[in-house]
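Here the structure is laid out as structure tokens; the discussion comes afterwards.
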Amino acid sequence: MSTFWSLWIIVLTTITLIALVYLLFSNRKSTNKGPDSTTGHVYDGIEEYDNPLPLWWLYMFVITIVFSVGYLIAYPGMGNFKGVLGWTQINQWQKDVDKAEEKYGAIFAQYSSTPVEELIHDKKALKMAGRIFSNNCAQCHGSDARGSYGFPNLTDSEWIYGGSAEEIKTTITHGRTGAMPAWGTILGEDGIKNVSAYVLSLSDRQAAVGDAELGSEKFKLFCVACHTADGTGNPALGAPNLANNIWLYGGSQGLIQRTINLGRNGAMPAHQELLSSDKIHLLTAYIYSLSNGDSKTDLSLNNNNSEPDLALVK
Ligand code: HEC
Ligand code: HEC
């Protein structure tokens with residue numbers, strides 16, 4: 001804050017405080033007049049008394065003014081003056097973070113040295129991981145992790161990028177970007193209809209429009225490089241399996257045509273800057289447990305906020 005604004009605040013605050021004290025005492029009627037003096041104002045036969053403030057009330061005002069002076073000396077408030085206690089929001093936050101680090105550091109260290117495959121049997125670890133999921137992942141994947149249009153379901157055994165602990169960890173750490181090119185100009189309207197009919201036939205579904213036979217030719221030409229010859233996809237490229245009737249972007253023929261026509265670019269953000277590797281390890285175990293766990297992790301655990309300071313630790 002520049003010196004001018006700092007002085008501006010100090011002067012205004014001081015004048016206001018002095019004005020309040022003046023107002024309080026200058027308006028205070030002495031009790032000498034007795035309780036019966038009126039302001040002379042009468043309405044509907046009701047007279048307005050001119051009694052002084054009750055003493056307890058007056059003292060309350062005095063106490064608040066004394067408190068405010070004490071507060072302005074102890075804490076920052078007077079422009080650039082930092083207060084004699086040296087309190088700052090950042091210090092306070094750092095203190096909370098340090099406390100949380102101390103509380104969770106040892107627990108995290110123990111969890112991060114346990115392999116994911118073992119961690120999925122540890123209820124306490126999963127409970128903690130569930131909260132981390134709620135804070136960082138649920139906004140996209142849903143609080144039940146089942147995803148929605150464009151956001152993959154993490155509870156089934158269908159994986160775009162692979163479902164081993166190692167692959168899941170890579171996904172969370174570095175993020176993923178899906179790159180499905182747009183084929184509209186290359187295939188044309190009929191071409192898209194035919195290919196979408198062929199895609200549907202891969203999961204034994206009947207298309208409403210288009211010729212799957214003709215579509216198959218185009219598929220061999222343009223699609224197998226990523227989705228492979230039998231359409232089962234390639235995790236290394238993030239090309240989903242098109243033959244299992246599980247859809248990221250919807251499985252109606254209309255939506256499939258849209259995907260082929262305009263392309264898709266789903267983005268899973270990288271979390272290595274946002275979360276420590278310990279937290280990512282715990283999250284990996286959580287995601288892994290959703291399809292490999294003992295009784296499939298109890299998702300109702302997520303919304304219990306008994307460890308609100310967990311979010312403070314990176
Ligand atoms: C901003 C939204 C967003 C957030 C936040 C987000 N994700 Fe994702 N995630 C996505 C999208 C979109 C995809 C699919 C990417 C694609 O289409 O290629 C994805 C994909 C994934 C996958 C791969 C699924 C598969 O089938 O291979 C995993 C695992 C995953 N996310 C876990 C997480 C975890 C754990 C978190 C929390 C740390 C998280 N995500 C936070 C949007 C998000
Ligand atoms: C360069 C590699 C590549 C080629 C070539 C390619 N795709 Fe894709 N396709 C992808 C990727 C990657 C995704 C996932 C996009 C995402 O996650 O956002 C995808 C997604 C899709 C989906 C959506 C699947 C779902 O679950 O919703 C369909 C349908 C599809 N592709 C069909 C085709 C067809 C048909 C062709 C040929 C005309 C084709 N793709 C060619 C990479 C490719």
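In what follows, every heavy atom counts, from backbone to side chain, and hydrogens, waters and symmetry copies are set aside. Both counts, for ligands and for their atoms, begin at 1 and track the order of listing. Quick caveat: nothing in here was measured; it's all calculated off a predicted structure.
Shortest contact from atom 18 (O) of ligand 2 to any protein heavy atom: Tyr249 OH, 2.5 Å. Among all non-hydrogen protein atoms, the one lying nearest atom 12 (C) of ligand 2 is Gly238 O, 3.3 Å. The shortest contact between atom 27 (O) of ligand 1 and any protein heavy atom is with Tyr161 N, 2.8 Å. The protein heavy-atom contact nearest to atom 11 (C) of ligand 1 is Ala267 O, 3.7 Å. Atom 42 (C) of ligand 2 has its closest protein heavy atom at Ala179 O, 3.5 Å. Scanning the protein for heavy atoms near atom 41 (C) of ligand 2, the closest one is Trp183 NE1, 3.4 Å.
Ring pair His141/Phe151 is perpendicular by interplanar angle, where above 60° counts as perpendicular and below 30° as parallel. The aromatic rings of Trp87 and Tyr75 stand perpendicular to each other, their planes meeting at an angle above 60°, with 30° marking the opposite boundary.
Dense packing is recorded around CZ of Arg176, with more than 12 heavy atoms of other residues, nucleotides or ligands lying under 6.0 Å away. Counting non-hydrogen atoms of other residues, nucleotides and ligands closer than 6.0 Å to NZ of Lys169 gives a total above 12.
In this model, a donor atom of one side chain and an acceptor atom of the other lie less than 3.5 Å apart for Thr232 and Asp230. In summary, the side chains of Glu167 and Trp159 do not present any donor paired with an acceptor at a separation below 3.5 Å, with no hydrogens or angles considered. Using a 3.5 Å distance cut-off with no hydrogens or angles, the side chains of Ser196 and Gln253 do pair a donor with an acceptor.
With ligand atoms numbered from 1 in the order given, ligand 2 contributes 12 (C) to contacts under 4.0 Å with heavy atoms of Leu237. Counting atoms of ligand 2 from 1 in the listed order, those under 4.0 Å from a heavy atom of Gly178 are 16 (C), 17 (O). Close contacts between ligand 1 and Gly150 involve ligand atoms 12 (C) [criterion: under 4.0 Å to a heavy atom]. Taking every heavy atom of Gly266 and a limit of under 4.0 angstrom, the matching atoms of ligand 2 come to 16 (C), 18 (O). For ligand 1, the atoms closer than 4.0 angstrom to any heavy atom of Leu283 are 38 (C).
At a heavy-atom cutoff of 4.0 Å, ligand 2 is contacted by no atom of Ile160, backbone or side chain. With a 4.0 Å cut-off on non-hydrogen atoms, Leu248 touches ligand 1 through its side chain and not its backbone.
Criterion: ILVMFWY side-chain heavy atoms under 4.5 Å apart, direct or through other members. Under it, Val66 and Leu53 are part of a common hydrophobic cluster. The cluster map of Ile, Leu, Val, Met, Phe, Trp and Tyr, joined by side-chain heavy atoms under 4.5 Å apart, puts Trp57 and Val21 in the same cluster. Linking ILVMFWY residues whenever their side-chain heavy atoms come closer than 4.5 Å, directly or via other members, places Ile287 and Phe108 in the same cluster. Tyr149 and Ile160 end up in the same hydrophobic cluster when Ile, Leu, Val, Met, Phe, Trp and Tyr side chains are linked at under 4.5 Å.
Counting only distances under 2.8 Å, and ignoring water, the protein N, O or S atoms around atom 8 (Fe) of ligand 2 are Met180 SD, His227 NE2.
Here atom 8 (Fe) of ligand 1 has protein N, O or S atoms under 2.8 Å from it, and they come to 2.
Of the N or O atoms in Asn136, none lie within a sub-3.5 Å distance of an N or O in ligand 1.
With respect to Lys124 and Asp122, no salt bridge is recorded, no charged nitrogen being found less than 4.0 Å from a carboxylate O.
Looking only at distances, no side-chain donor or acceptor of His174 sits under 3.5 Å from a matching main-chain atom of Ile172.
When all heavy atoms of Gly215 and Tyr198 are compared, the closest pair comes out as C-CB, 3.9 Å.
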Please tabulate, for side-chain N and O atoms in residues 234-245, each donor-acceptor pair with protein atoms closer than 3.5 Å (sequence neighbours left out).
unit_1 : atom_1 : unit_2 : atom_2 : d
Asn234 : OD1    : Ala236 : N      : 2.9
Asn241 : OD1    : Ala243 : N      : 2.7
Asn244 : OD1    : Ile246 : N      : 3.1
Asn244 : ND2    : Glu158 : OE1    : 2.6
Asn244 : ND2    : Glu158 : OE2    : 3.4
Asn245 : OD1    : Arg205 : NH1    : 2.9
Asn245 : OD1    : Trp247 : NE1    : 2.8

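Of the inter-residue distances, the one linking Tyr286 atom OH with Leu126 atom CG reads 8.5 Å to the nearest 0.5 angstrom.
Evaluation of the side chain to side chain contact (heavy atoms under 4.5 Å, CB included) rule for Leu221 yields no partner, not counting sequence neighbours.
Heavy-atom proximity to atom 35 (C) of ligand 2, evaluated over Ile246, Leu221, Val195, Leu200, is greatest for Val195.
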